[in-house]
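Working notes, structure below.
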Amino acid sequence: MSDELQQFSMGTWVVGLAVVTAFIGLFVGIASGRKAMTATSPRQRYLWLAWGALSIGGIGAWLPHYIAMVGFEVVGSTLRYDALWIVGSFAVPVLAAGVALLIISPPPSKHRRPTTSVEISRLAAAAAILGLGLAGMHLAIVSSLVIQGSVSFDPVLTGVAAVIGLVLGAAIMWSISILDSRALRLVASLVVAAALVAMHYTGVFGLSVTVDPEAPRPDGLEVFSILFPVFVLGMLVVTIPITALLMAPDRVAAELELEADMLAAESLAAESRGRELELR
């Protein structure tokens, strides 16, 4: 990393905020993906898939990477971000997560019932797609940097960051497919969240810059101009699947209670018919 680059100009608290944000997004996304695998209604399935893709790709992966850029500064140059690259960096992981979730959660048919059983081929394909999406997201964020001069990156550290992304893609898909305990998914989400932030810093520490003070000030977005509204909106949006997940056990209990009442009513009706037959 060049001497002109500063990673923690605003303090190391940024790392903690990034990890916490990643944890929230991943935990909700993994739980949503798990719900999609067992949903019997196509509408519910696609709704859970959408929440899972947005939570994993947008809030769990993209937002923490962008939060970590808060302390990133280039000495001697104005730092801006290209809007098109930022939009692309958000779209790539969300789309990759959506495709990956579709692969491990194919629609039910008369030959296939909703199930949480693991299909290795589907799991491997989904892990590869999500991993490539995470690697592409990181490259897009790095490419969005605009300074008075040029930015280059070390291919070794960038490759290591990409490998971490592939491993994390496998870990996320594995957590959705295998872990049926909320406590285990919580632990897995925390570990993956920390690794996602480590992936970011691995790639960014490989950056180097050449500053040209005479170059014109770059055009683009400041980090806070997009981070604050996106962070607030993301936290508000993620409350919707959280509420649905918290209410899910109550709905199941209500359905079971209704089924029990119906069985009790049928039993009483059968007993009443039996008595009538005896009286005759």
Side-chain angles (χ1 to χ4, degrees), residues 1-19 21-22 57-96 131-166 168 193-234:
M1 186 174 68
S2 302
D3 294 336
E4 294 86 355
L5 294 179
Q6 294 184 3
Q7 288 286 349
F8 307 106
S9 62
M10 296 191 66
T12 56
W13 63 269
V14 174
V15 180
L17 180 60
V19 172
T21 305
I59 299 172
W62 180 86
L63 188 53
H65 274 68
Y66 203 71
I67 288 173
M69 298 301 292
V70 168
F72 187 81
E73 288 187 0
V74 178
V75 178
S77 172
T78 301
L79 176 62
R80 293 291 185 268
Y81 296 85
D82 184 87
L84 289 179
W85 277 112
I86 290 297
V87 172
S89 69
F90 177 83
V92 167
V94 172
L95 291 175
L132 290 174
L134 295 177
M137 172 197 69
H138 173 75
L139 290 175
I141 290 177
V142 171
S143 299
S144 71
L145 298 173
V146 184
I147 67 169
Q148 294 170 265
S150 61
V151 180
S152 59
F153 50 86
D154 179 69
V156 175
L157 288 177
T158 302
V160 172
V163 170
I164 295 175
L166 289 171
L168 292 178
L196 265 171
V197 177
M199 168 192 171
H200 167 81
Y201 284 108
T202 299
V204 172
F205 270 109
L207 294 178
S208 59
V209 298
T210 301
V211 177
D212 182 5
E214 298 181 358
R217 292 168 63 90
D219 295 326
L221 300 173
E222 295 182 355
V223 65
F224 288 108
S225 65
I226 188 172
L227 179 59
F228 279 154
V230 171
F231 180 82
V232 173
L233 181 61

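Reckoned from all heavy atoms, side chains included, excluding hydrogens, waters and symmetry mates. Predicted, not measured: the structure shown is a model, and the values here were computed from it.
Ring centers of W85 and Y81: at least 6.0 Å apart, outside the cut-off.
Rounding to the nearest 0.5 Å gives a distance of 13.0 Å between CG of L95 and CE of M137. Interatomic distance, M199 CE to H138 NE2, rounded to the nearest 0.5 Å: 6.0 Å. Taking OG from S89 and CG from L84, the interatomic distance works out to 11.0 Å, rounded to the nearest 0.5 Å. The CG atom of L221 sits 8.0 Å away from atom CG of D82, with the distance rounded to the nearest 0.5 Å. Between T210 atom OG1 and Q148 atom CD the span is 13.5 Å, to the nearest 0.5 Å. Taken to the nearest 0.5 Å, the CG atom of L157 stands 9.0 Å off from the CG atom of L207.
If you run side chain to side chain contact (heavy atoms under 4.5 Å, CB included) between W62 and each of L134, I67, I86, only I86 comes through.
Classification of the F205-Y201 ring pair by plane angle, with boundaries at 30° and 60°, yields tilted.
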- Task: Let me see the working for L79 and L145 under side chain to side chain contact (heavy atoms under 4.5 Å, CB included), right down to the final yes or no.
- Result: CA-CA 7 Å; L79 176 62; L145 298 173; 3.9 Å; yes
- Task: Start with the C-alpha distance between F72 and Q7, add both sets of side-chain angles, then the distance that settles side chain to side chain contact (heavy atoms under 4.5 Å, CB included), and finish with yes or no.
- Result: CA-CA 5 Å; F72 187 81; Q7 288 286 349; 3.8 Å; yes
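Smallest separation of non-hydrogen atoms from T202 and A198: OG1-O, 2.7 Å. Heavy atoms only, all atoms of each residue included: S77 and V211 are closest at CB-CG1, 4.0 Å. Considering all non-hydrogen atoms of both residues, A96 and G133 come closest at CB-CA, 3.7 Å.
Between the side chain of H200 and the main chain of L196, no donor-acceptor pair closer than 3.5 Å is present. Between the T158 side chain and the P155 main chain, no donor and acceptor come within less than 3.5 Å of each other.
Residues P218 and T78 form a side-chain contact, since some pair of their non-hydrogen atoms from C-beta on lies under 4.5 Å apart.
Annotation for F153: atom CZ does not count as buried by contact number, only 12 or fewer foreign heavy atoms lying within 6.0 Å.
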